[in-house]
Amino acid sequence: MSAHKVAPPPHSPPPPPVEHCKGVNGLPKVVLRESRGSSAEVYLYGGQVTSWKNDHGEELLFVSSKAIFKLPKAIRGGIPICFPQFSNLGSLEQHGFARNRVWNIDNDPASLPTNSTSKAYVDLILKPSDEDLKIWPHSFEFRLRVALGPGGDLMLTSRIRNTDAKPFSFTFAYHTYFSVSDISEVRVEGLETLDYLDNLQNKGRFTEQGDAITFESEVDKIYLSTPTKIAILDHEKKRTFVIRKDGLPDAVVWNPWDKKAKAMADFGDDEYKHMLCVEPASIEKPITLKPGEEWKGRQELSAVPSSYCSGQLDPQKVLQGC
């Protein structure tokens with residue numbers, strides 16, 4: 001009797017680079033996948049990136065275990081977009097309204113240079129509703145592209161156009177929550193010697209003294225005139241995040257520490273140990289757009305293996321190791 005040959009199982013096709021599906025509480029989201037295995041997730045609610053994983057499947061962004069995925073509460077973690085107001089620096093709710101509005105897929109995006117080998121990107125658009133115009137009486141189009149590069153880099157490009165008949169001004173931040181092993185083992189390099197506004201001291205202006213920023217207590221600072229590259233070194237994970245930014249002169253550094261963490265309903269008591277916000281922003285000098293004018297601001301995030309480096313570091317050298 002001849003043995004039956006078993007046909008090998010058919011190869012399943014690779015997952016699509018862009019997939020539209022449902023997330024927590026049925027909220028629509030878009031999953032981006034790069035062929036080497038990295039991925040990102042973007043919720044239409046808030047136009048918010050909530051996940052960015054490397055090709056080993058490790059999560060690089062922090063989202064609180066207590067985050068509330070329900071309108072109108074902003075999602076605690078990932079990359080909330082602060083527009084048209086950062087923090088409480090104006091008459092609007094904290095951080096403006098873009099992070100708790102439902103965005104639409106932009107089916108007619110203007111051309112943007114993309115890495116030709118990557119198809120993993122999505123274009124979103126936000127326009128003000130009648131209710132928005134009552135609280136912020138300015139007509140605009142906010143276009144956001146979220147893209148995943150071939151090496152797993154995450155790029156967010158925002159373009160805000162004034163479609164009104166009069167000028168308007170706004171402040172802006174990518175409120176990026178990075179996942180870190182232990183906040184006491186983390187240092188930020190690239191901001192040393194710079195001036196900052198300290199939100200814990202009535203926005204007083206000070207000059208950073210250390211050769212790098214380390215964390216032993218609550219931090220809430222707006223660094224001014226910052227370089228285009230900032231590095232976050234995670235000693236325990238031997239990982240360095242490199243932030244490249246364009247059109248965003250400021251950088252917010254925030255960690256709530258224990259007391260503030262306990263006071264936030266949508267944040268775990270001990271979660272402050274495993275997150276750090278470093279936020280490319282434009283805060284000190286609001287951006288003003290005349291009718292028809294457009295502003296563009298982008299951040300590009302990469303995560304590279306690194307050894308622990310002490311002292312001053314040129315973030316460019318992070319990529320070659322130390």
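Numbers here are sequence positions counted from 1.
At distances below 3.5 Å, at least one donor-acceptor pair connects side-chain atoms of S64 with backbone N or O atoms of K66. A donor-acceptor contact shorter than 3.5 Å links the side chain of Y174 to the backbone of L156. Put simply, the side chain of K245 gets close to the backbone of L248: a donor and an acceptor are under 3.5 Å apart. Distance alone, capped at 3.5 Å, is enough to place a donor-acceptor pair between the T163 side chain and the S139 backbone.
Heavy atoms only, all atoms of each residue included: L148 and S39 are closest at CD2-CA, 3.5 Å. Smallest separation of non-hydrogen atoms from A261 and Y272: CB-CD2, 4.1 Å. Across all non-hydrogen atoms, the minimal contact from S91 to Q85 is N-OE1, 3.3 Å. Heavy atoms only, all atoms of each residue included: V252 and A281 are closest at CG2-CB, 4.3 Å. Among all heavy-atom pairs drawn from S302 and R244, the shortest one is OG-NH1, 3.5 Å. Between V146 and L32 the shortest heavy-atom distance is O-CD1, 3.5 Å.
Between F267 and F62, a ring centre-to-centre spacing shorter than 6.0 Å is recorded. In this structure, W295 has its ring center under 6.0 Å from that of F172.
Not counting sequence neighbours, the partners of K166 by the side chain to side chain contact (heavy atoms under 4.5 Å, CB included) test are H138, D164. Contacts of K285 classified as side-chain hydrogen bond (donor to acceptor under 3.5 Å, both in side chains), with partners at least two apart in sequence or in another chain: none.
Side-chain N/O atoms of S184 and E216 include no donor and acceptor closer than 3.5 Å. Y196 and E208 share no side-chain donor-acceptor pair at under 3.5 Å. Residues S181 and D234 bring a donor and an acceptor atom of their side chains to less than 3.5 Å of each other.
Side-chain contact check for D246 versus Q299: every heavy-atom pair is 4.5 Å or farther apart. Within the 4.5 Å cutoff, no side-chain heavy atoms of L124 are placed close to those of N104. Side-chain atoms of L92 and P84, non-hydrogen and from C-beta on, do get closer than 4.5 Å to each other.
A salt bridge is absent between E294 and K296: the closest approach of a Lys/Arg side-chain nitrogen to an acidic carboxylate oxygen does not fall below 4.0 angstrom. A salt bridge between E300 and R298 is present, with a side-chain N of the basic residue lying under 4.0 Å from a carboxylate O of the acidic one. Salt-bridge check for R187 with E192: failed, with every basic side-chain N at 4.0 Å or more from each acidic carboxylate O. Contact check on K262 versus D269 returns no salt bridge, with no Lys/Arg side-chain nitrogen under 4.0 Å from an Asp/Glu carboxylate oxygen. Ionic pairing of E218 and K260 is present here: one or more N-O contacts between side-chain nitrogen and carboxylate oxygen are shorter than 4.0 angstrom.
Environment of CG in N25: crowded, with over 12 heavy atoms of neighbouring residues, nucleotides or ligands closer than 6.0 Å.
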Determine whether Y45 and I75 satisfy the following criterion, side chain to side chain contact (heavy atoms under 4.5 Å, CB included), listing intermediate values before the conclusion. CA-CA 9 Å; Y45 181 50; I75 300 167; 4.0 Å; yes

E284 vs R205, test: salt bridge (charged side-chain N to carboxylate O under 4.0 Å, His left out). Steps then yes/no. CA-CA 11 Å; E284 186 192 24; R205 189 177 181 122; 3.1 Å; yes

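Within the structure, the salt bridge (charged side-chain N to carboxylate O under 4.0 Å, His left out) test picks out the following pairs touching residues 41-52 (sequence neighbours left out): K29-E41. Sorted by first then second residue, the salt bridge (charged side-chain N to carboxylate O under 4.0 Å, His left out) pairs that include residues 133-143, not counting sequence neighbours, are D106-R143, K127-E141, E131-K134, E141-R143. Listed by first then second residue, pairs satisfying salt bridge (charged side-chain N to carboxylate O under 4.0 Å, His left out) with a partner in residues 72-101 read K73-D266, R76-D266, R101-D132, not counting sequence neighbours. Applying the salt bridge (charged side-chain N to carboxylate O under 4.0 Å, His left out) rule to pairs touching residues 50-61 yields E58-R239, sequence neighbours excluded.
Note: W52 and F241 have tilted aromatic rings, judged against thresholds of 30 and 60 degrees for the angle between ring planes. Between F83 and F170, the ring planes lie perpendicular to each other; the angle is over 60°, past the 30° to 60° tilted range. The aromatic rings of F86 and H95 are tilted relative to each other, their planes meeting at an angle between 30° and 60°.
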